[in-house]
Amino acid sequence: AQSVAQPEDQVNVAEGNPLTVKCTYSVSGNPYLFWYVQYPNRGLQFLLKYITGDNLVKGSYGFEAEFNKSQTSFHLKKPSALVSDSALYFCAVRDTWNYGQNFVFGPGTRLSVLP
Amino acid sequence: GAVVSQHPSRVICKSGTSVKIECRSLDFQATTMFWYRQFPKQSLMLMATSNEGSKATYEQGVEKDKFLINHASLTLSTLTVTSAHPEDSSFYICSAPRTSGGTDTQYFGPGTRLTVL
């Protein structure tokens, strides 16, 4: 079975400071990991994904995530936060890259960037 | 980039009526689409997998007779909430996978907020 944990319900960070949103996962096979962002009353927007290769993945809007197999983590990071980054962030995982397979989503972390 | 649309974005209906929500993949074909439900301040919960040309696959606890899914074409899936009740009020989101570079990425619609009075 697959599962995703996002240990922090809420993360607050000052504008211009680096941000980290944590994610740990559990899968039986190789993990395929994703980050999505959701703005109020909107659908999810894809940020980045890890399939294979370099452990550091770069995505949209300056975000990046580091895959750590030994710690089963896939934390989302950004060097300098913007107020406009304030949103709900979801980590997702699945153990196959077969077309059309569903994800398991984490509970979400609300990021607030303070001006 | 890939775009998935939903219509309507917001709907208010009376208890006992039925509501249809459309999910369209605008620039790619999707043999599979997913329907999610999201309660306030909670994560997305998969309701069902919509399959073009065959029956939808429902998650445990989801009433297939209440949430009718029809995948009419390679770009359109519909979710009909039949005999809606206030407890069906929620944010409904669809997604469609698009293959790129040997794997696929899920693209999500903007969501439909259903309010049942």
Side-chain angles (χ1 to χ4, degrees), chain A residues 1-10 21 23 25 29-54 57 59-61 65 87-112, chain B residues 1-7 9-10 21 23 25 28-52 54 57-59 71 74 77 90-115:
Chain A
Q2 308 160 68
S3 66
V4 179
Q6 292 179 243
E8 300 158 316
D9 293 335
Q10 174 90 33
V21 182
C23 171
Y25 65 89
N30 291 323
Y32 299 91
L33 297 153
F34 303 79
W35 275 102
Y36 286 85
V37 59
Q38 185 181 32
Y39 296 97
N41 294 312
R42 304 286 292 275
L44 275 66
Q45 295 180 32
F46 171 75
L47 283 179
L48 51 81
K49 65 182 178 183
Y50 171 83
I51 304 299
T52 186
D54 291 340
V57 179
S60 306
Y61 314 120
L88 189 57
Y89 290 80
F90 291 100
C91 181
V93 68
R94 68 187 198 210
D95 62 2
T96 173
W97 56 272
N98 287 342
Y99 182 83
Q101 291 301 307
N102 181 45
F103 300 97
V104 172
F105 284 90
T109 298
R110 187 164 300 280
L111 172 67
S112 292
Chain B
V3 178
V4 174
S5 70
Q6 279 184 243
H7 177 81
S9 58
R10 186 181 296 267
I21 303 170
C23 177
S25 55
F28 66 102
Q29 294 181 335
T31 56
T32 301
M33 291 185 178
F34 300 100
W35 286 96
Y36 297 86
R37 185 173 180 177
Q38 185 181 32
F39 291 103
K41 298 184 180 181
Q42 294 189 26
S43 188
L44 280 72
M45 298 300 295
L46 179 68
M47 298 176 65
T49 302
S50 174
N51 304 299
E52 192 271 336
S54 64
T57 305
Y58 290 82
E59 295 300 300
H71 202 130
L74 288 172
S77 175
S90 191
F91 195 53
Y92 293 87
I93 303 175
C94 70
S95 73
R98 183 181 190 186
T99 301
S100 175
T103 185
D104 68 273
T105 297
Q106 295 275 357
Y107 290 93
F108 287 81
T112 297
R113 183 160 301 283
L114 171 63
T115 303

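In what follows, every chain begins at residue 1, and chains take the letters A, B, ... in the order their sequences are listed.
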Kindly compute the distance separating CZ (Phe105(A)) from CE (Met45(B)), expressed to the nearest 0.5 Å.
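Going from the CZ atom of Phe105(A) to the CE atom of Met45(B) covers 11.0 Å.
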Nearest 0.5 angstrom please: Gln106(B) CD to Lys49(A) NZ, how far?
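Going from CD on Gln106(B) over to NZ on Lys49(A), the span is 10.5 Å.
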State whether the number of non-hydrogen atoms from other residues, nucleotides or ligands found under 6.0 Å of Tyr61(A) atom OH is greater than 12.
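Atom OH in Tyr61(A) is not packed in, count stays at 12 or less.
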Gln38(A), part contacting chain B, at a heavy-atom distance under 4.5 Å
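Side chain only.
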Please look at Tyr36(A) and chain B and tell me whether the side chain, the backbone, both or neither of the residue comes under 4.5 angstrom of a heavy atom of that chain.
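Answer is side chain: those atoms of Tyr36(A) sit under 4.5 Å from chain B.
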So which atom in Phe108(B) and which in Leu44(A) form the shortest heavy-atom distance, rounded to 0.1 Å?
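In terms of heavy atoms, the two residues are closest at CB-O, 3.3 Å.
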Relative to chain A, which segment of Gln38(B) carries a heavy atom at a distance below 4.5 Å: side chain, backbone, both, or neither?
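The side chain, not the backbone.
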Donor-acceptor check, side chain of Ser43(B) to backbone of Gly106(A), threshold 3.5 angstrom: yes or no?
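It does hold such a pair.
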